[in-house]
Enquirer: 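After the structure tokens below, expect a handful of questions from me.
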Amino acid sequence: MKEPRPIKRRNKTGKRNRSRTDYANRRLGTAFGIIAVILVAWFISMARSHSENEGRPLQLPAGSNLEEVVTKEGLQEWIIRYQGFTVSYNSETHQPNWVAWELLASETDGETAREKSSGFAADPNAPGCARPSDYTGSGYDRGHMAPAGDMKWSASTMNQSFLMTNICPQAGELNRGAWKKLEEKCRQKAVADSALVIVCGPIFEKGKRHRRIGEAGVAIPDKFFKVILSPYTNPPTAIGFIMPNGTVPGGMQTHAVSVDSVESITGHDFFSALPDELENKVEAQCDFHRWSRIRPRHD
């Protein structure tokens, strides 16, 4: 008689556990897939938004002007609006408090050469305007604030840039060194960023008696500032510079500061036409390496 064979029972519990595990893994994979699709869609949307907004004009309230500067209270000034720039002229120091202008990419490569300019001249409409001879033999250059190189797009603007209302006494080491290099960098940035808004001028240290030159008595500044806004990049950016009126150790890089720092030292208020949140953000920036990188502009 044959012995009964043992009955092989199926492990239903094990099969059920494996089925649950497989089901959970499938659900988890599906969830990750959905998350991946959402992330890809978000990145595409952000990239498209950035591309669409790149170079769009900054929306400002009607009548506002990025070149407007609120001058430090107590400074004597005459506002003079030339064709290519605006001057806050101080008849006590016989030079500008500040000069502001917009530099478009299309204005960096004009046909008007510096040699065609009529040369330095006093502005008869500006009270107390210095004359070119006031600088003769002083040891200081007639330093442009709005540079002639930014005004090559028109013969009249080029000539106006040589008016003494746009001129400050600058040491040759500054005028022909770091200051000139910064002007050249600004022209490169204007091409890359579509346009710049620039403001610059002298700094006089408080409580100090300043040397004066010429018959007019032109005061010699201690330092110079420049603030630069790229309003049409996405996002807008800004940076400031403060340089001594003499040798500039380390060049422009070591003298880069935030616009907030320049406002604190000069007492002027720049770019107040910007929306408050944006103004606060851009004026706190100081990233020279990022600012100095020139990226080609895509029209």
Side-chain angles (χ1 to χ4, degrees), residues 55 57-58 60 64-71 84-88 96-108 143-151 153 161 166 168 170 174-175 177-203 223-244 248 250-266 268-275 278-295 297:
L58 182 67
L60 296 174
S64 59
N65 185 351
L66 289 173
E67 297 173 52
E68 294 292 339
V69 178
V70 180
T71 307
F85 55 95
T86 300
V87 171
S88 165
N97 296 312
W98 52 262
V99 178
W101 68 103
E102 182 182 50
L103 178 62
L104 304 178
S106 59
E107 295 172 344
T108 61
H144 284 74
M145 293 296 96
D150 289 6
M151 304 295 155
W153 49 277
S161 74
N166 181 46
C168 293
Q170 286 187 321
L174 173 65
N175 185 41
W179 195 258
K180 179 181 178 182
K181 291 180 180 178
L182 180 55
E183 291 173 343
E184 293 169 348
K185 174 65 75 172
C186 285
R187 285 190 277 275
Q188 295 172 9
K189 288 291 292 181
V191 172
D193 295 352
S194 298
L196 300 179
V197 178
I198 307 171
V199 188
C200 67
I203 296 175
K223 301 175 182 179
F224 286 88
F225 73 86
K226 180 169 285 189
V227 292
I228 305 155
L229 172 68
S230 295
Y232 306 131
T233 56
N234 189 13
T237 59
I239 197 169
F241 293 88
I242 294 178
M243 298 184 183
V248 184
M252 60 180 168
Q253 175 179 346
T254 59
H255 292 80
V257 297
S258 67
V259 175
D260 280 338
S261 296
V262 178
E263 289 183 333
S264 177
I265 291 172
T266 63
H268 305 320
D269 183 11
F270 309 107
F271 313 134
S272 58
L274 289 172
L278 179 58
E279 181 184 6
N280 293 336
K281 183 176 181 179
V282 301
E283 291 190 353
Q285 299 172 356
C286 181
D287 188 340
F288 176 81
H289 293 289
R290 182 178 180 183
W291 178 82
S292 64
R293 287 196 297 269
I294 304 298
R295 296 179 178 83
R297 178 167 57 93

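If you're wondering where the values come from, they're calculated on a predicted model, not measured in any experiment.
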Enquirer: So, do Val99 and Val199 sit near enough that their side-chain heavy atoms are less than 4.5 Å apart?
Expert: no
Enquirer: Heavy atoms only: give me the nearest His144-Ser161 pair and the separation to one decimal.
Expert: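 Of all heavy-atom pairs spanning His144 and Ser161, the closest is CD2-O, 3.0 Å.
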Enquirer: Kindly determine whether Ile198 and Val227 satisfy side chain to side chain contact (heavy atoms under 4.5 Å, CB included), including the steps that lead there.
Expert: CA-CA 6 Å; Ile198 307 171; Val227 292; over 6 Å; no
Enquirer: When you look at Phe288 and Arg290, which way does the side chain to side chain contact (heavy atoms under 4.5 Å, CB included) test go after all the steps?
Expert: CA-CA 6 Å; Phe288 176 81; Arg290 182 178 180 183; over 6 Å; no
Enquirer: If I take atom CE from residue Met145 and atom CZ from residue Phe225, how far apart are they, to the nearest 0.5 angstrom?
Expert: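 Answer rounded to 0.5 Å: 9.0 Å.
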Enquirer: Are any of the side-chain heavy atoms of Ile228 and Lys189 separated by less than 4.5 Å?
Expert: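 The answer is no, as the side chains (C-beta and beyond) never meet within the 4.5 Å cut-off.
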Enquirer: Got a second to check how far Met243's CE is from Phe224's CZ, nearest 0.5 Å?
Expert: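 Interatomic distance, Met243 CE to Phe224 CZ, rounded to 0.5 Å: 11.5 Å.
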Enquirer: Rounded to the nearest 0.5 Å, what separation is found between the CH2 atom of Trp291 and the OG atom of Ser230?
Expert: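 The CH2 atom of Trp291 sits 8.0 Å away from the OG atom of Ser230.
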Enquirer: So, Thr71 versus Trp98: side-chain donor-acceptor pair below 3.5 Å or not?
Expert: yes
Enquirer: Just by distance, no angles: are the side chains of Ser261 and Ser258 close enough, under 3.5 Å, to form a donor-acceptor pair?
Expert: yes
Enquirer: Taking the side chain as every heavy atom from C-beta outward, state whether Cys286 and Phe241 have any atom pair closer than 4.5 Å.
Expert: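 They are not in contact (no side-chain heavy atoms under 4.5 Å apart), so the answer is no.
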Enquirer: Grab the two heavy atoms, one from Thr233 and one from Pro235, that are nearest each other, plus how far apart they are.
Expert: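 In this case the closest contact between Thr233 and Pro235 is OG1-O, 2.8 Å.
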Enquirer: Quick one: does Lys223's side chain get under 4.5 Å of Pro202's, heavy atoms only?
Expert: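 Lys223 vs Pro202: side chains apart.
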Enquirer: Of all the heavy-atom pairs spanning Pro236 and Leu278, show the shortest one and how long it is.
Expert: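 Looking at all heavy atoms of both residues, the shortest contact is CG-CD2, 4.0 Å.
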Enquirer: Could you tell me if the side chain of Cys168 sits less than 4.5 Å from the side chain of Pro96, heavy atoms only?
Expert: yes
Enquirer: Do Asp269 and Glu263 touch side chain to side chain, with heavy atoms closer than 4.5 Å?
Expert: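 Heavy-atom side-chain distance check passes, below 4.5 Å.
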Enquirer: In a table with atom names and distances, give each donor-acceptor pair under 3.5 Å that connects a side chain of residues 178-188 to protein atoms at least two apart or in another chain.
Expert:
| unit_1 | atom_1 | unit_2 | atom_2 | d |
| --- | --- | --- | --- | --- |
| Trp179 | NE1 | Glu183 | OE2 | 3.4 |
| Lys185 | NZ | Ser292 | O | 3.1 |
| Arg187 | NH1 | Asp150 | OD1 | 2.6 |

Enquirer: Find the distance between CG (Leu103) and OG (Ser194) and round it off to the nearest 0.5 Å.
Expert: 11.5 Å
Enquirer: For Asp193 and Tyr232: C-alpha separation, side-chain torsions, deciding distance, then whether side chain to side chain contact (heavy atoms under 4.5 Å, CB included) applies.
Expert: CA-CA 7 Å; Asp193 295 352; Tyr232 306 131; over 6 Å; no
Enquirer: Hey, is the main chain of Trp153 close enough, under 3.5 Å, to the side chain of Glu107 for a donor-acceptor pair?
Expert: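 No.
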Enquirer: Do Ser88 and Val69 have side chains that get closer than 4.5 Å, going by heavy atoms?
Expert: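 Answer no - side chains too far apart.
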Enquirer: Between atom CG of Leu229 and atom CD of Glu283, what is the distance when rounded to the nearest 0.5 Å?
Expert: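 Spacing of CG (Leu229) from CD (Glu283) equals 8.5 Å.
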Enquirer: Please examine the side chains of Val282 and Thr237, heavy atoms only from C-beta on, and report whether any two atoms are closer than 4.5 Å.
Expert: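 Thr237 vs Val282: side chains apart.
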Enquirer: Return the CG to OG1 distance between Asn166 and Thr86, rounded to the nearest 0.5 Å.
Expert: 11.0 Å
Enquirer: Show the nearest heavy-atom pair for residues Met151 and Gly84, with the distance to one decimal.
Expert: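 Minimum heavy-atom separation between Met151 and Gly84: CE-O, 3.8 Å.
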Enquirer: What are the two closest non-hydrogen atoms of Pro147 and Trp101, and how far apart are they?
Expert: CD-CZ2, 3.4 Å
